[in-house]
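Remember, predicted model here, so these are calculated numbers, not experimental data.
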Amino acid sequence: MSTSGPPQFRYTQTPSKVLHLRNLPWECSEEELVELCKPFGKIVNTKINVGANRNQAFVEFPDLNQAIQMVSYYASSSEPAQVRGKTVYIQYSNRHEIVNNKSPGDNPGNVLLVTMEGVEAGDVSIDVIHLVFSAFGFVHKIATFEKAAGFQALIQFTDSETASSARNALDGRSIPRYLLPEHVGSCNLRISYSAHTDLNIKFQSHRSRDYTNPYLPVNPTAIDGSLQLAVGPDGRKKEPESNVLLASIENMQYAVTVDVLHTVFSAFGNVQKIAIFEKNGSTQALIQYPDIATASVAKEALEGHCIYDGGYCKLHLSYSRHTDLNVKAYSDKSRDYTIPDASLLAASSQIPWQNHQAMPAYGGNAYNAPPGVPGMPHQAPTGQSPGPGPGYGSNPGSYGGHTSYQPQPPMHPYGNTAAGPPHSSPHIS
DNA sequence: AGCACA
């Protein structure tokens with residue numbers, strides 16, 4: 001027993017500047033913890049809602065002695081440590097630092113990201129979600145979607161205080177059984193904060209609601225939960241046309257960046273937005289034009305063509321169900337060319353999307369290439385051609401209008417000699 | 001009332 005401590009303590013722990021607190025009152029806040037601990041030193045990190053009952057926590061002092069002071073004070077005190085009158089038990093943690101306490105989803109915001117575990121999208125209706133979360137305040141908007149993590153919902157409250165009260169109360173708990181279909185065993189909620197502040201809800205539908213705007217149109221395609229495909233003249237299903245193209249990129253031997261896509265797709269008209277993402281292990285991109293006509297021309301011209309010689313980065317195009325992409329204005333995976341100036345990005349989250357036809361105003365401010373756009377050939381093409389596709393440089397009359405732009409032939413707009421990525425520019429073959 | 005995995 002040479003290594004054990006006093007016999008009255010079954011678990012003797014070596015001091016740590018991290019303390020483990022248990023028997024905390026329900027929903028004990030970080031502030032209450034700090035209040036309890038601060039007579040002994042500054043708290044530099046915390047982790048709350050720990051344990052099955054979520055009534056445990058860790059606090060970390062900068063200095064080991066401060067933790068020792070606190071533990072020994074309460075070990076000999078006649079008054080136990082208390083929060084809201086409830087006795088709190090304090091001991092040294094068996095770890096010496098609180099690791100990675102704050103994930104991005106822990107930064108409070110007014111929009112919650114809710115993951116519903118153990119259910120499929122059809123099991124939890126948006127009305128049930130609304131009911132559950134309305135207990136904490138007015139729910140402005142809800143958007144639901146399916147991701148790899150499962151069925152998820154973004155829930156927008158008025159402010160982060162309301163959102164955090166909902167999160168604190170519901171995170172890790174379950175939706176009441178009586179609100180769920182019988183075949184569902186349980187639906188546990190995992191809740192974090194979204195980085196969103198204002199959701200863009202296009203339609204009232206089975207997957208999204210805007211409770212601040214009851215006159216928002218009902219989504220004509222989502223109303224019965226099924227995609228209604230028109231039937232083409234040949235009798236085959238035909239996807240509805242859209243101003244947004246979905247590009248699947250096959251045989252992607254070379255990086256396909258936002259700039260590369262912009263170069264390629266600008267040959268047919270003004271590209272408003274681009275988003276690149278991974279799906280099922282392959283790379284896809286959404287390319288938004290102002291109108292269906294432009295998208296249609298681009299789709300017909302580019303389908304099956306390759307961005308680079310040698311069969312690399314072959315494009316397969318279809319119409320997206322989107323009509324207006326909600327993308328980060330400037331990131332390595334997305335671009336919003338309708339925002340003329342990066343200094344205005346702060347205002348970008350308020351861009352409304354109301355209907356398909358809504359076109360951003362290009363008033364005088366025709367698209368300017370963002371700074372530092374790569375992808376353009378330094379070895380200029382043959383020179384007198386109409387240029388390496390539109391989009392760069394001046395092209396009066398091309399923007400702001402509709403389809404007056406004459407698309408360049410998609411074949412090798414940069415000439416076809418010595419072409420080979422990544423040293424050369426993308427061109428269509 | 002007894003140790004966290006985002």
Side-chain angles (χ1 to χ4, degrees), chain A residues 1 3-34 36-37 40-41 43-62 64 66-68 70-109 111-118 147-155 160 163-164 166-174 187-196:
Chain A
M1 298 297 276
T3 59
S4 65
Q8 64 269 37
F9 300 110
R10 283 186 61 201
Y11 302 98
T12 299
Q13 285 146 327
T14 56
S16 164
K17 58 184 166 30
V18 179
L19 298 182
H20 176 229
L21 292 78
R22 52 202 161 82
N23 202 36
L24 290 162
W26 175 247
E27 289 175 35
C28 176
S29 70
E30 187 175 30
E31 289 69 29
E32 288 171 305
L33 283 183
V34 171
L36 176 69
C37 301
F40 305 93
I43 295 299
V44 294
N45 208 349
T46 67
K47 180 153 187 77
I48 62 173
N49 291 335
V50 170
N53 294 328
R54 308 172 58 74
N55 60 353
Q56 302 171 40
F58 298 93
V59 297
E60 182 175 336
F61 288 102
L64 178 65
Q66 294 165 330
I68 294 174
M70 184 166 181
V71 169
S72 44
Y73 173 83
Y74 284 111
S76 59
S77 168
S78 55
E79 288 290 314
Q82 291 185 328
V83 172
R84 286 185 232 159
K86 196 162 186 265
T87 297
V88 174
Y89 300 89
I90 304 172
Q91 59 190 158
Y92 300 114
S93 172
N94 53 25
R95 302 194 199 179
H96 288 86
E97 62 178 355
I98 295 176
V99 296
N100 195 17
N101 182 39
K102 297 281 198 289
S103 68
D106 286 330
N107 297 318
V111 178
L112 297 178
L113 172 62
V114 179
T115 302
M116 285 156 273
E117 299 175 336
K147 280 281 178 66
F151 185 41
Q152 296 188 310
L154 290 164
I155 301 176
S160 58
S164 73
R167 181 178 117 118
N168 288 337
L170 294 177
D171 187 21
R173 305 188 78 184
S174 297
C187 177
N188 206 31
L189 301 172
R190 288 266 101 99
I191 305 178
S192 61
Y193 296 103
S194 165
H196 289 91

Item to check | side chain to side chain contact (heavy atoms under 4.5 Å, CB included) assessment of Phe61(A) paired with Ile43(A) | outcome: CA-CA 5 Å; Phe61(A) 288 102; Ile43(A) 295 299; 3.6 Å; yes
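Minimum atom distance to the side chain of Gln91(A) is reached by dC3(B), of the listed dA6(B), dC3(B), dC5(B).
If you check every strand for non-hydrogen atoms under 4.0 Å, Glu97(A) touches a base. In this structure, Asn94(A) reaches the bases: a heavy-atom distance under 4.0 Å links it to at least one base atom across the strands shown.
Taking the side-chain hydrogen bond (donor to acceptor under 3.5 Å, both in side chains) definition, one finds that Glu32(A) meets it with Ser29(A), Arg84(A), sequence neighbours left out. Partners of Ser194(A) according to the side-chain hydrogen bond (donor to acceptor under 3.5 Å, both in side chains) rule, which considers only residues two or more places apart in sequence or in another chain, are His196(A).
Protein atom CD1 of Ile48(A) is 18 Å distant from nucleotide atom P of dC3(B), rounded to whole Å. Across the protein-nucleic acid pair, Asn49(A) atom CG and dA4(B) atom C1' stand 11 Å apart, rounded to whole Å. Note: CG (Leu21(A)) to C1' (dA4(B)) measures 13 Å, nearest angstrom. When rounded to the nearest whole Å, the span between CZ of Arg54(A) and P of dA6(B) equals 13 Å. As rounded to whole Å, 12 Å separates atom C1' of dA6(B) from atom CG of Asn107(A).
Nearest-nucleotide positions on DNA chain B place Asn55(A) closer to the 5' end than the other of Asn55(A) and Arg95(A).
Counted by atom type alone, Asn45(A) and Glu60(A) present zero donor-acceptor pairs between their side chains at under 3.5 Å.
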